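What follows is a short report on a single structure.
We name chains A, B, ... by the order of the sequence lines, and we start the count at 1 in each one. Quick caveat, the model's predicted, so the values are computed rather than measured.
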Amino acid sequence: MSKPIRYVLVAAAIALVGYNSIYFRKLSDVRNAEKALDFDAKAYALRFLDTTLPAHPDKAIALPLLAQTLTADPARAFSWSHAQNNGNNRFFLVKGSGKLTAIDSEYAYLAVEGVPQKVALATRYIIGTAARDGSGLISVNEFTTTMDMNTVSEELNKLIRNRVLPPFKAAAKPGETVQFTGGVELLRDAAAPDTLEVTPMILKIQ
Amino acid sequence: MILLAGCGTRDGSGQPKKIAIVVSTLNNPWFVFLAQTAAAKAKALGYESKIFDSQNNTALESDHFENAIASGYNAILFNPTDAKGSVINVKKAKDAGIPVFCMDREIDSRDAATSQILSDSYSGCIDLGKLFVKALNKKGNYVELLGIVSDDNTWNRSKGFHSVVDNYPQLKMVAQQSADFDRNKAMEVMESILQAHPDIDGVFAGNDAMAMGAWQALTAAGLAGKVKVIGFDGAEDALNSIKEGKLTATAMQFHKTIAELTATDADEYFKGKRDFPHKLPIPVDVVSATNIDKYTAYGKKN
């Protein structure tokens with residue numbers, strides 16, 4: 001075989017093997033592509049708060065009914081609760097309305113007819129998974145990783161802090177009537193507490 | 001007949017079915033207990049089993065999967081080393097017709113494993129975060145020791161803790177470093193952190209082994225007792241330490257429950273069940289001086 005033909009064949013072989021085996025892409029492009037595949041917890045939380053939750057008013061238990069049943073028939077009351085695991089911490093989605101009796105740096109306190117306990121709407125520390133788990137509408141089995149689901153909880157709490165609470169805190173005054181939907185966390189093995197703390201998700205001053 | 005025999009505890013030749021138990025590491029008593037409990041449950045259900053130690057090495061884990069597939073194991077009970085990196089191993093087994101049941105650690109896939117039974121680390125660390133805030137009276141400097149950064153448990157614990165603690169601006173995290181869930185490494189990392197930040201009030205460690213390592217470093221620096229240390233797992237030495245007034249708290253994972261449920265899933269799979277929940281979170285309990293009497297190493301007293 002003549003030298004030129006050999007060179008051509010070698011070059012063709014190198015081109016064939018080398019084609020697309022080395023290529024350059026911007027790292028930012030690769031990261032953006034990965035990001036596009038990432039779960040968008042913020043969008044999920046926004047959709048849940050704005051669309052899913054208002055579409056399921058039946059998922060919220062009237063707070064007076066829950067309060068009375070907790071005393072009369074705790075097992076029945078806890079049958080309305082939800083959680084991602086079968087542990088002692090259980091979550092309820094509740095609704096009701098009550099008169100604002102006091103406001104401090106952490107809570108707005110309500111007197112709700114038919115509820116013997118003090119009702120405290122959390123207005124500063126929005127902590128835990130009551131907003132995510134109370135309704136039972138969000139399940140771990142929807143998510144690729146538990147981290148995705150846990151990030152939803154954080155985003156929901158952020159939305160409550162940054163969107164639900166500021167207009168309420170700016171306008172709320174003792175004596176006014178407040179309509180609320182929110183999450184409540186209770187321990188299955190403990191007696192009903194003296195104060196029911198509600199993580200507010202929908203608030204309306206009437 | 002062969003087909004019927006293949007659906008129960010025995011394979012086509014009448015021998016007990018074989019279950020491979022692939023565990024991330026046996027260099028931590030927690031995982032030793034997890035693996036041994038799974039093996040004991042598998043035996044009680046009528047299966048043969050063998051434990052494989054991945055030594056926190058994904059390549060070694062891949063070798064174990066190759067071996068399990070080639071050796072004709074009928075199922076794999078799996079504690080992964082890497083949430084993302086381990087997915088390929090599970091898929092390989094699935095393609096070979098071998099169901100994989102994850103225990104304690106998850107993989108980043110909904111459908112590769114037949115089931116995934118995990119501690120609800122995030123919720124447990126919310127409770128630990130609340131306790132930490134109270135123990136430090138809402139202010140002070142603290143250190144966080146992370147586990148293996150490629151493990152979802154590491155971040156679920158960290159995120160649960162921060163979802164509470166970050167609400168208190170006077171609680172300042174002065175250092176956050178990984179010690180790979182390892183006691184000796186945690187001691188070294190803590191010693192080095194203390195050089196730069198001797199004025200700390202708290203340590204949150206992603207597992208008990210690291211909490212114990214941090215405690216050793218704090219003792220050597222003369223800071224034991226001044227600094228509140230919190231772990232996660234419910235390991236024997238951590239519980240003893242809480243009893244002695246050293247560690248402030250831990251979160252009890254019920255790995256006996258996790259291991260036994262995982263082995264039971266495999267048994268039910270062999271008997272025909274297919275509709276397993278993709279992920280099953282198991283609750284964890286916060287254990288501190290106030291309720292330590294209710295708990296024993298790795299579980300609750302009967």
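Within 6.0 Å of atom CD in Gln206(A), more than 12 heavy atoms from other residues, nucleotides or ligands are found, so the atom counts as buried in its surroundings. Applying the 6.0 Å contact sphere to NZ of Lys95(A) captures more than 12 heavy atoms from other residues, nucleotides or ligands. Shown here is Asp194(A), whose CG atom has no more than 12 heavy atoms of other residues, nucleotides or ligands within 6.0 Å. Crowding of Ile88(B) atom CD1: a count of heavy atoms from other residues, nucleotides or ligands under 6.0 Å not exceeding 12.
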Pairs of donor and acceptor atoms under 3.5 Å between chain A and chain B, please, with atom names and distances.
| residue | atom | partner | partner atom | Å |
| --- | --- | --- | --- | --- |
| Asn85(A) | ND2 | Asp120(B) | OD2 | 2.8 |
| Asn141(A) | O | Arg110(B) | NE | 2.9 |
| Asn141(A) | O | Arg110(B) | NH2 | 2.6 |
| Asn141(A) | OD1 | His278(B) | N | 2.9 |
| Asn141(A) | OD1 | Lys279(B) | N | 2.9 |
| Thr144(A) | O | Lys279(B) | NZ | 2.7 |
| Thr146(A) | N | Glu106(B) | OE1 | 3.1 |
| Thr146(A) | N | Glu106(B) | OE2 | 3.2 |
| Thr146(A) | OG1 | Glu106(B) | OE2 | 2.4 |
| Thr146(A) | OG1 | Asn156(B) | ND2 | 2.8 |
| Asn150(A) | ND2 | Asn156(B) | OD1 | 2.7 |
| Thr151(A) | OG1 | Lys159(B) | NZ | 3.3 |
| Glu154(A) | OE2 | Tyr122(B) | OH | 3.2 |
| Arg161(A) | NH1 | Asn167(B) | OD1 | 3.2 |

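Using a 4.5 Å cut-off between heavy atoms, Ile107(B) touches chain A through its backbone atoms (N, CA, C, O) alone.
Closest non-hydrogen pair, Ile126(B) versus Gly128(A), comes out as CD1-CA, 3.8 Å.
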